[in-house]
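Residue numbers start at 1 and run along the sequence shown. Order of listing sets the numbers, starting from 1, for every ligand and every atom in it. Remember, predicted model here, so these are calculated numbers, not experimental data.
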Amino acid sequence: VTAKLDTASLETLVADLVRIPSVNPEVDRAGGTGEAAVAAFASDWLRERGIAARLQEAAPGRPNVVAEVGDGDGPTLFLCAHLDTVGAGAMALPFEPRVEGRRLHGRGAYDMKASAAAIMGAMVELAAAPLRGSVVAALVADEEHASLGAQVFLAEQATRREPSGRGPASQGCIVTEPSEGRLVLAHKGFAWFEVAVAGRAAHGSRHDLGDSANENAAAFVTAVREHDRSVLRRRTHPLVGSASQHVATIEGGSGWSTYAERCVVRVERRTLPGETGEQALGELRELVAASGARAEVTLVLERPPLECDAESPVARATREAVREVRGSEPEVAGVGYWMDAALFAAAGIPTVDFGPAGAGAHADVEWVDLDSVAETARVLVAAARRFLRQG
Ligand SMILES: [Zn+2]
């Protein structure tokens, strides 16, 4: 017997979460409030409804909320949303939720407090009936910057003892970034590179001694563009499209009358499922060699891509849950942007993304479709029940 989720209180919850600012302080130093207030509200809200919820410090003053339902004797399904948002930008009243028709406006409404609300509502619904196994909600901090919340959560879960000798195969995760009701099975990764091109410093009058690092970098910069257009854009994945790279920043030289000793070119590469930062590093080194520049290439940061087997238990459970709730199969999709989903997958937990509809992530007009939030909550409940049976 499925009790209907109370959509009115779910909508109130979305508004309550938007009303509590949780701007990531690393993204917006002036307006950054952090996640402490919204996390306290969310864990209190869950506890008042009889759900075991606690705060977990992702960084000083920057908590995750971790909540759990079920008897723990069986598979584990993780439900993940991030609690932080980007800054308010030029929004007039960013934290005054406003409903127009079925759209709720406000900073974080779409990215992704509505999703956090859907998870919280689903937890209440799931707690109402006996469950074999566990559903663990991870409402995490810092996704918009360094994903500290997801990393701390996963480090703790890695030490979790699996009951009945079950291994990671019986785990799954649904990340709930807005997906417009599609089932997202893949996203791109990215890698950041610093390319330090060398020159020889000399007084501006000494063309006989000087060698401009900036000029030496020019051939490399052109090669990055050429490699992007002629090779990477033709390298494609059926769900996420093509790989790409671009020259993000260039910093070189020290003054008018000095031959530039050093020019640092920062290149961002978007990777496809199956590609690694190491491979991209090798390709960039080849471009450096071909350009004739003397340069050192460093991989500064890498975030892996996501790819989930369509027949994995979590993908099947989510697909069947959508069919049960909506009456039709979801569109299967891939997206270009990166999410915490890849960190769960990298921890050996098969992971999909499914979330509400709306618009305006990181933009000055942001809204979420409230009907899609209610649908997301119902899909999470149905997916969890299916996963715990089959996982
Ligand atoms: Zn997001």
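Cation-pi check for Arg49 over Trp45 is met; the charged atom lies under 6.0 angstrom from the ring centroid and within 45 degrees of its normal.
Using modelled atom types, one finds a donor on one side chain and an acceptor on the other under 3.5 Å when comparing His227 with Glu283.
Not counting sequence neighbours, the partners of Phe78 by the ring-ring contact (aromatic ring centres under 6.0 Å, His included) test are Phe153.
Counting only protein atoms, the N, O or S atoms lying less than 2.8 Å from the Zn ion (ligand 1) are His82 NE2, Asp111 OD1, Glu177 OE1, Glu177 OE2, ordered by chain and residue number.
Between His187 and Trp338, the ring planes are perpendicular. Angles over 60° get that label, and only those under 30° would be called parallel.
Checked options Glu366, Glu144, Glu96; the residue passing with Arg107 is Glu366 (criterion: salt bridge (charged side-chain N to carboxylate O under 4.0 Å, His left out)).
The two atoms that bring Leu343 and Ala150 nearest to each other are CD1-CB, 4.0 Å, heavy atoms only.
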